[in-house]
2 protein chains.
Amino acid sequence: MPTVSSEELAAAAGVNSAKLRKDFSYLGSYGTRGVGYDVEYLVYQISRELGLTQDWPVVIVGIGNLGAALANYGGFASRGFRVAALIDADPAMAGKPVAGMPVQHTDDLEKIIEDNGVSIGVIATPAGAAQQVCERLVAAGVTSILNFAPTVLSVPDGVDVRKVDLSIELQILAFHEQRKAGEDLAADDVVPPVAAKQPRKGPDGDVPAVMPA
Amino acid sequence: MPTVSSEELAAAAGVNSAKLRKDFSYLGSYGTRGVGYDVEYLVYQISRELGLTQDWPVVIVGIGNLGAALANYGGFASRGFRVAALIDADPAMAGKPVAGMPVQHTDDLEKIIEDNGVSIGVIATPAGAAQQVCERLVAAGVTSILNFAPTVLSVPDGVDVRKVDLSIELQILAFHEQRKAGEDLAADDVVPPVAAKQPRKGPDGDVPAVMPA
DNA sequence: GAATGTGAATTTCTTCACAGCG
DNA sequence: CGCTGTGAAGAAATTCACATTC
């Protein structure tokens, strides 16, 4: 399939074709009127815009089950991420191979970051260790952190943190599940705009902005 | 702290106080004018609305590193989720304890779902097994699926699927990292609305609706 | 003829601002 | 007096619809 129309892409993605065209237009005019978009060229342009064509060395700190799962995760390599090092505080882990790579000790964290020019760190430690690890990463030059530990990290300005809470997705499913069960009540309910939205099939979904801890 | 004002909550969450009050108003009028919101009552009402007060039995299928990490994840219990069973296709895993619970074999999947009244399933299998597991879960009565496998699942109407792609969050960080690096170029760039947004510190962030596989 | 790119129209979301209540 | 709850105003996002290009 050498070319594709906005209509086809929109149908596949479950969005309006005009929105798709407008979004693409912000990246430039890569389509051909009367024909559509050249698939290969479009993929390249989007990949470049998203930074997928760059090589991003990352370190994973905390090689428990989750850290090991991340180290083995195939999706990283295909998106331009290269796991530069696995780091753990447990001396017993040091040297052990995980995902074909020896685990290194936390003592060497700063050197590893600097030697590999790492600017993105992944924290998969227990909650108690996360803030300290975070501070060492930042001090060593990391400016983006992906946090899997169930803690809110505080970082200086200029450092980005994204927190992944594995239970939030479950909570969203449970929320809709609850609605399914109480569907007959929905009619006489004062249905709030956000809550009333039925989940769609596509890769989307609404997360409330505010949620209790 | 027995009560809290919308102003305080808004500051803590990094949002506008009017938005917060309007959002709360959809749940009902739980505040007191001149005083604020009763913290305990508010937490209860929000929890109930989100379904956190219910008990949701879930099964985890695929007990590799990721499945084991999920089984051990403390965040589930506190949000009303109860891991009812761990299921794996490897006969060597059967009976082995993970997170204080014996792994069960896939053969018994249907019986486990029915006996426990499970409506939410978590798939942490390799990509190749995911669709088949999904179909068995659905046939056995599961109506919500959280998919960690790197595959798009197809399901019948009425079944919700949410896909967790661990690399997407990294990709978002890399996207902003790229912008940081090329900041001086930003000026003469035709900056698209979405892409131009700087990441904020709060628990938010924008994921493009359309992204190449 | 077919499909893009984009102003204009429309819809949705957010914020303002203030009446009303405790 | 302080703070909620909410109409009205304003801003942003989405969709329409069509001139334009291949």
Side-chain angles (χ1 to χ4, degrees), chain A residues 1-46 49 189-211, chain B residues 1-46 49 189-211:
Chain A
M1 195 174 195
T3 68
V4 66
S5 71
S6 62
E7 206 70 57
E8 293 170 290
L9 279 177
V15 300
N16 182 291
S17 70
K19 174 170 169 34
L20 197 138
R21 287 200 299 281
K22 186 149 278 182
D23 283 2
F24 281 3
S25 77
Y26 292 123
L27 308 180
S29 292
Y30 299 138
T32 309
R33 291 167 194 232
V35 179
Y37 299 90
D38 182 85
V39 172
E40 192 180 357
Y41 187 52
L42 184 62
V43 166
Y44 169 71
Q45 289 298 344
I46 293 177
E49 186 71 24
D189 216 346
V190 181
V191 185
V194 167
K197 246 188 226 160
Q198 286 302 315
R200 284 163 289 164
K201 276 293 130 46
D204 46 35
D206 304 294
V207 187
V210 182
M211 197 176 281
Chain B
M1 194 173 194
T3 68
V4 66
S5 71
S6 63
E7 205 69 58
E8 293 169 291
L9 280 176
V15 300
N16 181 290
S17 68
K19 175 167 166 37
L20 197 139
R21 287 200 299 281
K22 184 149 281 183
D23 283 1
F24 281 4
S25 77
Y26 292 123
L27 309 179
S29 293
Y30 299 139
T32 309
R33 289 164 194 238
V35 179
Y37 299 90
D38 181 85
V39 173
E40 193 181 355
Y41 187 54
L42 184 63
V43 167
Y44 169 71
Q45 289 297 344
I46 294 176
E49 186 70 25
D189 217 345
V190 181
V191 185
V194 168
K197 247 187 226 159
Q198 286 303 316
R200 286 162 289 165
K201 275 292 127 50
D204 47 35
D206 303 296
V207 187
V210 182
M211 196 176 281

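Reckoned from all heavy atoms, side chains included, excluding hydrogens, waters and symmetry mates. Residue numbers start from 1 in every chain, and the chains themselves are labelled A, B, ... in the order their sequence lines are given, proteins ahead of strands. As the structure is a computational prediction, the values presented were derived from the model and not from experiment.
- When the nucleotides C/dA17, D/dT21, C/dT6 are ranked by their closest atom to the side chain of A/Lys22, C/dT6 comes out on top.
- In this structure, NZ of B/Lys19 is placed 11 Å from C1' of C/dT15, rounded to the nearest angstrom.
- Here the C1' atom of nucleotide D/dT4 and the CG atom of B/Asp23 are 14 Å apart, to the nearest Å.
- Smallest separation of non-hydrogen atoms from A/Tyr37 and A/Gly31: CD2-CA, 3.4 Å.
- Note: OH (B/Tyr26) to P (D/dT6) measures 10 Å, nearest angstrom.
- With hydrogens and angles ignored, no donor-acceptor pair closer than 3.5 Å exists between the side chain of B/Arg21 and the base of D/dT4.
- Taking the six-membered ring wherever Trp is involved, the centroid distance between the rings of A/Phe24 and A/Tyr30 does not fall below 6.0 Å.
- Phosphate contact (OP1/OP2 of C/dT4, side-chain N/O of A/Ser6, threshold under 4.0 Å): present.
- Atom-to-atom, CZ of A/Phe24 to P of C/dA3 comes out at 15 Å; the value is rounded to the nearest Å.
- For the residue pair B/Val39 and B/Met1, the shortest heavy atom distance occurs at CG2-O, 3.4 Å.
- Atom CG of A/Leu27 and atom P of C/dT6 are 12 Å apart (whole Å).
- The nearest whole Å value for the distance from the CG atom in B/Asn16 to the P atom in D/dT4 is 13 Å.
- Atom CZ in B/Arg21 sits 13.0 Å away from atom OH in B/Tyr26 (nearest 0.5 Å).
- If you measure from atom OH of B/Tyr41 to atom P of D/dT4, you get 16 Å, rounded to the nearest angstrom.
- Between A/Tyr37 and C/dG5 there is a side-chain N or O to OP1 or OP2 distance below 4.0 Å.
- Between the side chains of B/Tyr41 and B/Gln45, a donor-acceptor pair is found at a separation under 3.5 Å.
- The base of D/dT21 has none of its N or O atoms less than 3.5 Å from a complementary donor or acceptor on the side chain of A/Arg33.
- Going from atom CG of A/Leu42 over to atom C1' of C/dA3 covers 14 Å, rounded to whole Å.
- B/Ser5 has no side-chain polar atom (N or O) that falls below the 4.0 Å cut-off from OP1 or OP2 of D/dC3.
- The residue among B/Ala18 and A/Val35 whose nearest nucleotide of DNA chain D lies closer to the 5′ end is B/Ala18.
- A/Ser17 comes within contact range of no nucleotide atom at all, as no heavy-atom separation falls under 4.0 Å.
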